[in-house]
K.L.:
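Provided herewith is a single structure, encoded as structure tokens, for subsequent inquiry.
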Protein chains: 2
Amino acid sequence: MMTAATNRGKSARGGDNRRRELLEAAARLFSTRGYEGTSIRDIAAIVGMLPGSIYYHFKSKEELLVAVHEQGVLQVMQAVESAVDKAGPDPWDRLTAAAEAHLESLLAENAFSPVVTPQFTKAFDDPLRSTLIAQRDEYEAYFVSLVKQLPLPPGTGRRLFRLALLGSLNWTLTWYRPGGKRPATIARQMVDLFRTGLDPAAGT
Amino acid sequence: MMTAATNRGKSARGGDNRRRELLEAAARLFSTRGYEGTSIRDIAAIVGMLPGSIYYHFKSKEELLVAVHEQGVLQVMQAVESAVDKAGPDPWDRLTAAAEAHLESLLAENAFSPVVTPQFTKAFDDPLRSTLIAQRDEYEAYFVSLVKQLPLPPGTGRRLFRLALLGSLNWTLTWYRPGGKRPATIARQMVDLFRTGLDPAAGT
DNA sequence: TTGCCTAACAATCGATCGTTTGATTTGTGG
DNA sequence: CCACAAATCAAACGATCGATTGTTAGGCAA
């Protein structure tokens with residue numbers, strides 16, 4: 001799905017390099033300094049362009065944000081789906097593969113993806129906010145289906161499990177430092193945490 | 001610990017009501033619209049004060065933020081320590097009590113606490129950023145001690161467990177809607193999730 | 001060559017930002 | 001009632017914000 005008027009009716013020819021540069025610069029700044037903390041002038045300076053020129057490519061700062069967010073969701077979703085497709089048929093293996101790809105995307109250098117977190121989304125109000133949430137819901141629905149495949153004891157809160165797992169993964173953004181464990185390792189250990197539990201005397 | 005010059009040398013008489021009003025208004029706005037998204041004028045309007053008058057109570061917007069953050073950390077920490085003290089001696093019960101109090105504080109109406117999340121902290125740069133992180137680390141250290149008491153099989157990653165649990169709890173801020181399960185219930189179920197695990201065929 | 005389209009520049013708009021300054025009100029002790 | 005300090009008002013400062021406008025230089029097609 002494409003939010004329409006996201007690009008200027010130009011056909012999908014490969015020639016829109018500056019537009020991609022703008023998206024990438026905006027993504028980096030939005031994810032590090034926040035949306036309000038980033039000015040059009042900051043973005044223009046990075047790509048070597050005058051502030052006004054940005055409005056040829058995007059008709060407003062909000063539209064630029066929507067485009068960045070859309071791109072971020074798209075990148076993460078593609079990475080996750082591709083990883084799951086490569087995994088075996090076991091539902092836990094597939095969920096683990098998804099978690100690994102999810103976290104790797106979020107911590108990747110290029111940094112489109114951090115914008116995907118709903119924490120980022122929270123601050124906006126409602127025309128814009130709904131747009132971003134809708135983009136993201138499409139992605140989270142994929143995790144719903146992955147969790148649904150899990151053979152869990154009846155009565156288990158699948159929704160809470162999904163939210164808790166994604167919370168653990170997404171929260172990694174706030175404490176991860178490069179040089180530590182690889183993201184995929186962290187993701188796998190987290191899934192195992194939920195799967196096997198910690199208390200040797202559990203279930204009493 | 002008090003960051004010094006946080007108040008204007010006025011003794012701890014109870015009479016600084018407007019200051020508290022300012023702190024509360026700022027907390028609500030900071031946590032919903034973000035720091036950059038909140039203007040001094042917005043805060044002044046809420047408490048019925050002209051923008052310039054705020055500078056009688058706080059010498060800069062940054063100092064106001066630090067004071068709000070300090071207050072937020074303090075409130076959560078006190079709620080958690082009080083809850084743990086009331087709990088029994090069992091380490092898992094104590095951790096559960098902490099998780100419940102933590103999440104209840106974060107979702108409380110008054111809304112000082114959401115500012116405590118490091119997600120919020122991330123956007124600032126370094127003189128300010130370090131101050132906020134230091135305030136928060138003091139709080140997280142308390143969870144380190146709670147997890148240390150847990151009787152876990154040797155070789156378990158206590159650090160990852162703590163981060164994963166706090167991630168699940170903190171992430172609740174992004175999806176919780178009033179009218180659903182009570183925060184304490186959510187917190188308890190999350191701790192149980194980590195404690196007992198989900199896979200009936202686990203440990204293979 | 002002519003004509004159009006893309007992409008950017010140069011300059012500037014009104015609004016809003018954090019902050020400062022100096023006068024003025026309000027409350028309180030002598 | 002007066003003096004003095006605490007608290008707020010009133011007004012404005014320079015800077016920066018997102019956005020608009022008019023123009024121009026290059027590329028490609030007819």
Side-chain angles (χ1 to χ4, degrees), chain A residues 5-27 29-30 32-69 123-125 127-129 131, chain B residues 5-27 29-30 32-69 123-125 127-129 131:
Chain A
T6 280
N7 68 29
R8 238 161 232 264
K10 115 189 38 172
S11 66
R13 258 178 295 126
D16 45 1
N17 290 341
R18 301 312 297 278
R19 190 177 201 274
R20 299 190 92 86
E21 289 179 42
L22 281 173
L23 281 175
E24 191 178 319
L29 290 181
F30 285 163
T32 55
R33 304 199 226 173
Y35 176 73
E36 312 272 7
T38 302
S39 74
I40 289 287
R41 286 167 176 83
D42 293 336
I43 301 169
I46 287 190
V47 302
M49 193 183 277
L50 291 190
S53 308
I54 292 186
Y55 289 84
Y56 174 78
H57 300 274
F58 302 92
K59 69 190 232 206
S60 71
K61 190 187 177 188
E62 280 201 3
E63 191 189 284
L64 176 53
L65 170 66
V66 171
V68 166
H69 190 266
F124 307 105
D125 31 355
L128 174 56
R129 179 185 147 93
T131 303
Chain B
T6 279
N7 68 29
R8 236 161 234 260
K10 116 193 35 175
S11 66
R13 257 179 297 126
D16 45 0
N17 290 342
R18 302 310 297 276
R19 189 175 203 272
R20 299 188 93 85
E21 289 179 42
L22 281 173
L23 281 175
E24 191 177 319
L29 290 180
F30 286 163
T32 55
R33 307 199 225 174
Y35 176 72
E36 312 271 6
T38 302
S39 74
I40 289 287
R41 284 166 177 82
D42 294 336
I43 301 169
I46 287 190
V47 302
M49 195 184 275
L50 292 190
S53 308
I54 293 186
Y55 288 84
Y56 174 78
H57 301 273
F58 301 93
K59 67 190 237 208
S60 72
K61 190 187 177 187
E62 279 202 2
E63 190 190 285
L64 176 53
L65 169 67
V66 171
V68 166
H69 190 266
F124 308 105
D125 29 354
L128 174 56
R129 179 184 146 93
T131 303

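In what follows, chains carry the letters A, B, and so on, assigned in the order in which the sequence lines appear, proteins first and then strands, with residues in each chain numbered from 1.
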K.L.:
In Å and rounded to the nearest 0.5 Å, what is the CD1 to CZ distance from B:I46 to B:R41?
P.N.:
15.0 Å
K.L.:
Rounded to the nearest 0.5 Å, what separation is found between the CD1 atom of B:I40 and the CG atom of B:L50?
P.N.:
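Here the interatomic distance stands at 13.0 Å.
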K.L.:
Using whole Å, what does the distance between atom C1' of nucleotide C:dT16 and atom CZ of B:R33 come to?
P.N.:
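Value for this atom pair: 14 Å.
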K.L.:
Residues of residues 36-50 of chain A with any non-hydrogen atom less than 4.0 angstrom from an atom of DNA chain C: list those, numerically ordered, please.
P.N.:
A:M49, A:L50
K.L.:
Rounded to the Å, how far apart are B:L29 CG and C:dG18 P?
P.N.:
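The distance from CG of B:L29 to P of C:dG18 comes to 12 Å, rounded to the nearest Å.
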K.L.:
Please report the shortest heavy-atom distance between A:R19 and A:F58, naming the atom on each side.
P.N.:
NH2-CE2, 3.3 Å
K.L.:
Measuring from A:I43:CD1 to A:L64:CG, what's the distance to the nearest 0.5 Å?
P.N.:
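Here the rounded value is 5.0 Å.
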K.L.:
Any side-chain heavy atom of A:M49 sitting closer than 4.5 Å to one from A:E21?
P.N.:
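In short, these two side chains do not touch, never coming nearer than 4.5 Å.
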K.L.:
Answer yes or no: does a side-chain N or O of A:Y56 lie under 4.0 Å from OP1 or OP2 of C:dA8?
P.N.:
no
K.L.:
What is the distance from CD of B:E63 to C1' of C:dT19, rounded to the nearest Å?
P.N.:
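Result: 14 Å.
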K.L.:
Please report the interatomic distance CD(B:E63) to CG(B:L128), rounded to the nearest 0.5 Å.
P.N.:
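Between atom CD of B:E63 and atom CG of B:L128 there are 11.5 Å.
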K.L.:
Whole angstroms only, please: what is the CD1-P distance between A:I54 and D:dT21?
P.N.:
18 Å
K.L.:
Could you state the atom-to-atom distance from CZ of B:R18 to P of C:dT26 in whole Å?
P.N.:
13 Å
K.L.:
Starting at atom NZ of B:K61, determine the distance to atom P of D:dA15, rounded to an integer number of angstrom.
P.N.:
19 Å
K.L.:
Between A:H57 and C:dT6, does any side-chain N or O lie under 4.0 Å from OP1 or OP2?
P.N.:
no
K.L.:
Once rounded to the nearest 0.5 Å, what's the spacing between atom NZ of B:K61 and atom CD of B:E36?
P.N.:
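That separation rounds to 6.0 Å.
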K.L.:
Once you round it to whole Å, what is the distance between P of D:dT20 and CZ of A:F58?
P.N.:
16 Å
K.L.:
Quick check for you: to the nearest 0.5 Å, what is the distance between B:H69 atom NE2 and B:T131 atom OG1?
P.N.:
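Going from NE2 on B:H69 over to OG1 on B:T131, the span is 10.0 Å.
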K.L.:
Which of these nucleotides, C:dT6, C:dT19, D:dC9, is closest to any side-chain atom of B:S53?
P.N.:
D:dC9
K.L.:
Per the end-axis method with five pairs at each terminus, what is the bend angle of the helix from C:dT1-D:dA30 to C:dG30-D:dC1, to 10°?
P.N.:
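Its terminal axes enclose an angle near 10°.
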K.L.:
A:Y55 OH to C:dA10 P: how many Å, rounded?
P.N.:
18 Å
